[in-house]
Amino acid sequence: MKAPQAKKIEKILETHGDIRTDNYFWLNERENPEVIKYIEEENAYEEFIMKDTEALQEELFEEMKARYKKDDESLPYFFNEYWYIVRYEEGKEYPIFCRKYKSLENDEEIVLDVNILAEGKEFFEVGSVAVSPSNELTSFSSDDVGRRIYTLNFKNLKTGEILPDTIPNTTGKAVWANDNQHIFYIRKDKSLRAFQVYRHKLGTDSAEDVLIFHEEDETFDVNVFKTKSLEYIFIASSSTISDEHRFIPSDNVFAEWTVIQPRIDDLEYSVEHYEDEFYIITNADDAINFKIVKTKIDNCSMENWVDVIPHRAEVLLEGFEIFKDYLVLEERERGLLQIKIIDEKTQESYYLPFSDPTYTAYIGINLEFDTEILRYGYTSLTQPSSTYEYNMKEKTTKLLKQQEVLGGNFAAENYISERIWADSRDGKTKVPISLVYHKDTKKSPDTPLLLYGYGSYGHTVDASFSNVRLSLLDRGFIYAIAHIRGGEYLGREWYEDGKMLFKKNTFFDFIDAGKYLIRENYTSSKHMYAMGGSAGGLLVGAVVNYEPQLFNGIVAQVPFVDVVTTMLDDTIPLTTGEYDEWGNPNDKEYYHYMKDYSPYDNVEAKDYPHMLITTGFHDSQVQYWEPAKWTAKLRELKTDNNILVFKTDMSSGHGGASGRFESLKEDALEYAFLLKINDNS
């Protein structure tokens, strides 16, 4: 079967006097039958090329699926007189939200069975479920397309009746006022930016809902939430580099909204409440790695903020949790997350002990104020996700739940994890890499290695367990995560050095990490592979333009690859809010810098590695046409005979297939692709 080739229709794009010719611009015509035909041809070609792996894909899928407990359930958490549990039943794809009154011994009450709601739908996702303060009603939101546009509905938990109130085009989140009659929710604009907060009264038409707040700055979006104390409702308005919060008491929906601190460029802050004060985590006063301050509710603007936890240059403060007698901090030092307990009465402080060379630790769901119990989570590349209960008074730890790994003979001691530091090209920077492999896997030029990266938005890909990944490790692969600049692994400066006009550091760090792994004899170019999704797809797309011979193959999941054209189009979802991440190409300097690394704009007539590119037709974050155009241009220009396959899921969006196990088929395809090309190399 011959590889498809999209037809070329010349489109001249001129910006700042610079001319680009985009022959595949027309692929953005979602309703055009020719576009659908091309995508279907690519899907048929992918099936043809990967046909010899069908049995392997099925084997991988069943193997991955077998590791999951079919009737698993979440750890119960107690809130407002009820224990809440999310559980799965064998043979069903979707969760069931349940609760039990006061005691886990009492009868179960089903809040929402998503399997019933999803019947007959190719895609279905619940955004959120929120029970009213009276415990008698619940809101729930759903999306049956995959574009993350949710419809809000309501259910009477006493009668089981679905109420007639329906609110379309929301972010999916609902916050109840304490009167049990009003909820606050967020609408999206035509570009899917969260931009308006509304108040809805139950029993009324959503057309009558009251607009509470309209965020007019297109670089900001909005969120609405209730404080842990349940006493205040907040609207947070945020860009990448600036925040503004306003609040009302939860028991007075008609109150005037009070702004804590009006927005200032480069001032970030978020808020929690305790007694007569707000606790605020912020980068004010050049606290680049953040600090915690507090202020009286009646006098909450910035000049009244008093330091509680001062800024430390070597420690990134990621979060905190307030209890009646304790303050718990989530800190990151030299890349590793730590949990610090502070006794507010004695001012004694200490860290919880963790021992793996690379791991993830985090504060869990802690809804109660007046308690000595902290719930926290821990996982590493070799240790399945675990939730612990720590008694802050007695200093004792209790394991509540550990992710079960079924379907085989998994034992953590059969796997080895490491953290190494790669030399970068500047001779000063060291790039951390986390690795895991089976104890029987030898490091050598013949050892296959999959290098994963992201490196944007300050998002850090931490070292965590994956039972899906075992299918690669057990077949002799080493799995590595490059903690490159653009994330916050080594603090806020690590992020700042990988964005805007420093974005290329992200790509060069990844390349340097790959070269270091080869130099240290973990693998060779012949057996090294790269994987990244979304902005991580941009990463691997840029890397193969810079160093096409470094990797034998890449997997680009929903890749953001047409950077310049997308960032010039402010009608596309998320674009305007991204200017603080990538820069605004309406500015000449940013335009030329972006153009210099944009994967689509830099495809050339040369050899490329084997490539698997995936997308969702309804993707709201990276539109399907970006990878479609990239694939078409690669097909036209590449000079090698390596595999290039492009698969579009016609029923899903950015997050892939819905349902508990359907997404494993995507993992199975990716792993089968890697195993196929590695076997043939």
Side-chain angles (χ1 to χ4, degrees), residues 79-82 84 97 99 109-112 114 117 125-144 148-190 192-216 220-237 244-260 271 273 297 367:
F79 179 69
N80 193 18
E81 298 191 298
Y82 281 85
Y84 284 89
F97 294 84
R99 66 180 185 175
E109 179 185 331
I110 291 179
V111 176
L112 199 69
V114 183
L117 298 173
E125 182 179 63
V126 165
S128 70
V129 178
V131 176
S132 65
S134 68
N135 288 318
E136 294 181 0
L137 304 164
T138 189
S139 67
F140 64 93
S141 60
S142 60
D143 168 20
D144 57 9
R148 299 184 183 179
I149 303 172
Y150 296 90
T151 299
L152 272 168
N153 292 98
F154 300 86
K155 181 182 177 182
N156 185 316
L157 294 176
K158 279 190 165 182
T159 65
E161 169 196 9
I162 302 292
L163 303 181
D165 305 53
T166 299
I167 308 174
N169 185 33
T170 80
T171 61
K173 189 173 187 179
V175 173
W176 287 91
N178 287 354
D179 63 6
N180 300 291
Q181 295 181 31
H182 292 90
I183 63 116
F184 293 89
Y185 68 91
I186 304 163
R187 285 199 186 276
K188 294 186 171 186
D189 66 12
K190 65 180 185 302
L192 303 189
R193 178 175 69 96
F195 79 126
Q196 291 177 331
V197 178
Y198 281 84
R199 186 180 69 226
H200 173 77
K201 184 177 181 181
L202 234 57
T204 64
D205 192 312
S206 63
E208 300 170 14
D209 291 351
V210 179
L211 176 62
I212 298 298
F213 178 71
H214 181 167
E215 178 51 73
E216 295 185 354
F220 280 71
D221 57 15
V222 294
N223 185 23
V224 61
F225 65 93
K226 210 175 207 178
T227 56
K228 181 178 172 179
S229 66
L230 309 179
E231 291 183 34
Y232 293 96
I233 292 170
F234 270 82
I235 293 173
S237 198
E244 182 177 81
H245 287 68
R246 46 184 39 83
F247 66 94
I248 58 169
S250 302
D251 54 7
N252 183 4
V253 297
F254 304 110
E256 287 292 315
W257 291 78
T258 301
V259 175
I260 286 196
V271 189
H273 164 243
I297 291 168
L367 300 175

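Throughout, numbering of the chain's residues begins at 1 and tracks the sequence.
The side chain to side chain contact (heavy atoms under 4.5 Å, CB included) test with His200 is passed by exactly one of Thr170, Leu152, Ile183: Ile183.
Between Asn223 and Lys173, some side-chain heavy-atom pair lies under the 4.5 Å cut-off. By the 4.5 Å heavy-atom criterion applied to side chains, Ser250 and Ser229 are not counted as neighbours. Val129 places a side-chain heavy atom less than 4.5 Å from the side chain of Val111. Within the 4.5 Å cutoff, side-chain heavy atoms of Ile233 are placed close to those of Val224. Between Tyr84 and Val131 the shortest side-chain heavy-atom distance falls below 4.5 Å. Proximity of Val253 to Arg199: side-chain heavy atoms (C-beta onward) are separated by under 4.5 Å at one or more points. Val259 has its side chain within reach of Glu244: a pair of non-hydrogen atoms, C-beta onward, lies under 4.5 Å apart. Under the 4.5 Å side-chain criterion, counting only non-hydrogen atoms from C-beta, Leu230 is in contact with Phe79.
A 6.0 Å sphere centred on NZ of Lys201 holds no more than 12 heavy atoms belonging to other residues, nucleotides or ligands.
Taken from CD1 in Ile167 to CD1 in Ile186, the straight-line distance is 12.0 Å, to the nearest 0.5 Å. Rounding to the nearest 0.5 angstrom, the gap separating the CG atom in Asp179 from the OG atom in Ser132 is 10.0 Å. Once rounded to the nearest 0.5 Å, the distance linking CD1 of Ile212 with CD of Gln196 reads 11.0 Å. The distance from the CG atom of Asp144 to the OG1 atom of Thr151 is 7.5 Å, given to the nearest 0.5 Å. With rounding to the nearest 0.5 angstrom, the OG1 atom of Thr171 is 13.0 Å from the CZ atom of Arg193. Note: Lys226 NZ to Tyr232 OH = 13.0 Å, rounded to the nearest 0.5 Å.
No donor-acceptor distance shorter than 3.5 angstrom exists from the side chain of Asn178 to the backbone of Asn252, with no hydrogens or angles considered. Checked by atom type and distance alone, the side chain of Arg99 pairs as donor or acceptor with a backbone atom of Asn135 at under 3.5 Å. Side-chain N or O atoms of Asn156 include none that pairs as donor or acceptor with a backbone N or O of Leu163 at under 3.5 Å. The closest donor-acceptor contact from the side chain of Asp143 to the backbone of Arg148 lies under 3.5 Å. A side-chain donor-acceptor contact under 3.5 Å links Asn180 to the backbone of Ser134. Panel note: side chain Thr138, backbone Lys155; no donor-acceptor pair is recorded below 3.5 Å. Asn153 contributes no side-chain N or O that, together with a main-chain N or O of Phe140, makes up a donor-acceptor pair within less than 3.5 Å.
In terms of heavy-atom proximity, Pro133 sits nearest to Ala177 at CG-O, 3.6 Å. Taking every heavy atom of both residues into account, Tyr150 and Gly172 meet most closely at CB-CA, 3.5 Å. Nearest approach of Tyr82 to Glu109, heavy atoms of both residues: CE2-OE1, 4.0 Å. In terms of heavy atoms, Ser139 sits closest to Phe154 at CB-CE2, 3.6 Å. Taking both residues in full, the closest heavy atoms of Tyr185 and Ser206 are given as OH-O, 4.4 Å, listed atom of the first, atom of the second, then distance. Between Ser128 and Ala174 the shortest heavy-atom distance is OG-N, 4.3 Å.
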- Message: Set out, in order, the CA-CA distance, both residues' side-chain angles and the distance that settles side chain to side chain contact (heavy atoms under 4.5 Å, CB included) for Trp176 and Leu202, then state yes or no.
- Response: CA-CA 11 Å; Trp176 287 91; Leu202 234 57; 4.0 Å; yes
- Query: Is there a side chain to side chain contact (heavy atoms under 4.5 Å, CB included) between Ile297 and His273 once you walk through the steps?
  - Reply: CA-CA 9 Å; Ile297 291 168; His273 164 243; 3.5 Å; yes
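Taking Phe234 as the reference, Phe225, Phe247, Phe278 meet the ring-ring contact (aromatic ring centres under 6.0 Å, His included) condition, with sequence neighbours excluded.
The aromatic rings of Phe184 and Trp257 sit perpendicular, their planes meeting at an angle over 60°, well past the 30° parallel limit.
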